[in-house]
Amino acid sequence: MENIPIQVKKAAAELIEAYGDSIVYIGEYSGCEAYLFQFPEDSSTGFPFVYLFGDNKVTEVSGGIALDIIDLLIKDYGE
């Protein structure tokens with residue numbers, strides 16, 4: 001498993017507690033490292049959560065913007 005920054009894991013702590021530690025690096029976006037929280041396949045959830053990590057800060061992104069980021073960085077997402 002990749003080394004996920006502790007700051008990202010702290011930002012996703014509630015999701016990790018509820019669904020397990022399933023964060024993956026998906027690429028670079030706007031000068032930040034982008035990470036995606038992967039929900040278990042059998043869970044019913046809303047929008048995905050993307051975490052942008054840069055300058056030692058984390059920005060959590062969800063909603064349509066998260067989908068746009070994922071679409072840019074992951075070619076086969078949702079297939």
Side-chain angles (χ1 to χ4, degrees):
M1 178 170 264
E2 300 175 39
N3 291 330
I4 307 300
I6 192 69
Q7 296 92 329
V8 173
K9 287 191 174 204
K10 285 181 180 180
E14 288 183 31
L15 293 175
I16 291 171
E17 186 176 320
Y19 298 100
D21 192 353
S22 185
I23 301 172
V24 294
Y25 173 78
I26 58 172
E28 294 286 323
Y29 179 79
S30 291
C32 295
E33 297 173 0
Y35 296 88
L36 172 66
F37 184 86
Q38 293 184 312
F39 289 96
E41 285 187 32
D42 62 346
S43 60
S44 257
T45 62
F47 285 105
F49 288 87
V50 171
Y51 297 90
L52 301 176
F53 181 65
D55 293 328
N56 221 23
K57 296 178 189 172
V58 177
T59 302
E60 181 181 285
V61 180
S62 192
I65 296 171
L67 292 174
D68 291 342
I69 293 169
I70 292 166
D71 188 49
L72 285 172
L73 299 178
I74 301 176
K75 300 294 182 209
D76 59 353
Y77 186 75
E79 290 182 7

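- In this structure, Ile70 and Pro48 have side chains that are in contact, with non-hydrogen atoms separated by less than 4.5 Å.
- Minimum interatomic distance between Gln7 and Asn56 (heavy atoms only, all atoms of both residues): NE2-OD1, 2.6 Å.
- Using a 4.5 Å cut-off on side-chain heavy atoms (C-beta onward), Leu36 and Leu73 make no contact.
- The aromatic rings of Phe39 and Phe49 sit tilted, their planes meeting at an angle between 30° and 60°.
- In the displayed structure, Ile65 atom CD1 is contacted under 6.0 Å by at most 12 heavy atoms of other residues, nucleotides or ligands.
- Among all heavy-atom pairs drawn from Phe47 and Gly64, the shortest one is CE2-N, 4.0 Å.
- Of all heavy-atom pairs spanning Ala34 and Leu52, the tightest one is CB-CD2, 3.8 Å.
- Among all heavy-atom pairs drawn from Val8 and Val58, the shortest one is N-CG2, 3.8 Å.
- Looking at Phe37, Tyr35, Phe53, Tyr51 one by one, the single match for ring pair (Phe, Tyr, Trp, His ring centres under 6.0 Å) with Tyr25 turns out to be Tyr35.
- What you find for Pro5 and Glu33 is that their closest heavy atoms are CG-OE1, 4.1 Å.
- Of all non-hydrogen atoms in Lys9 and Asp21, the two that sit nearest each other are NZ-OD2, 2.8 Å.
- For the atom pair Ile23 CD1 and Ile16 CD1, the distance stands at 4.0 Å (nearest 0.5 Å).
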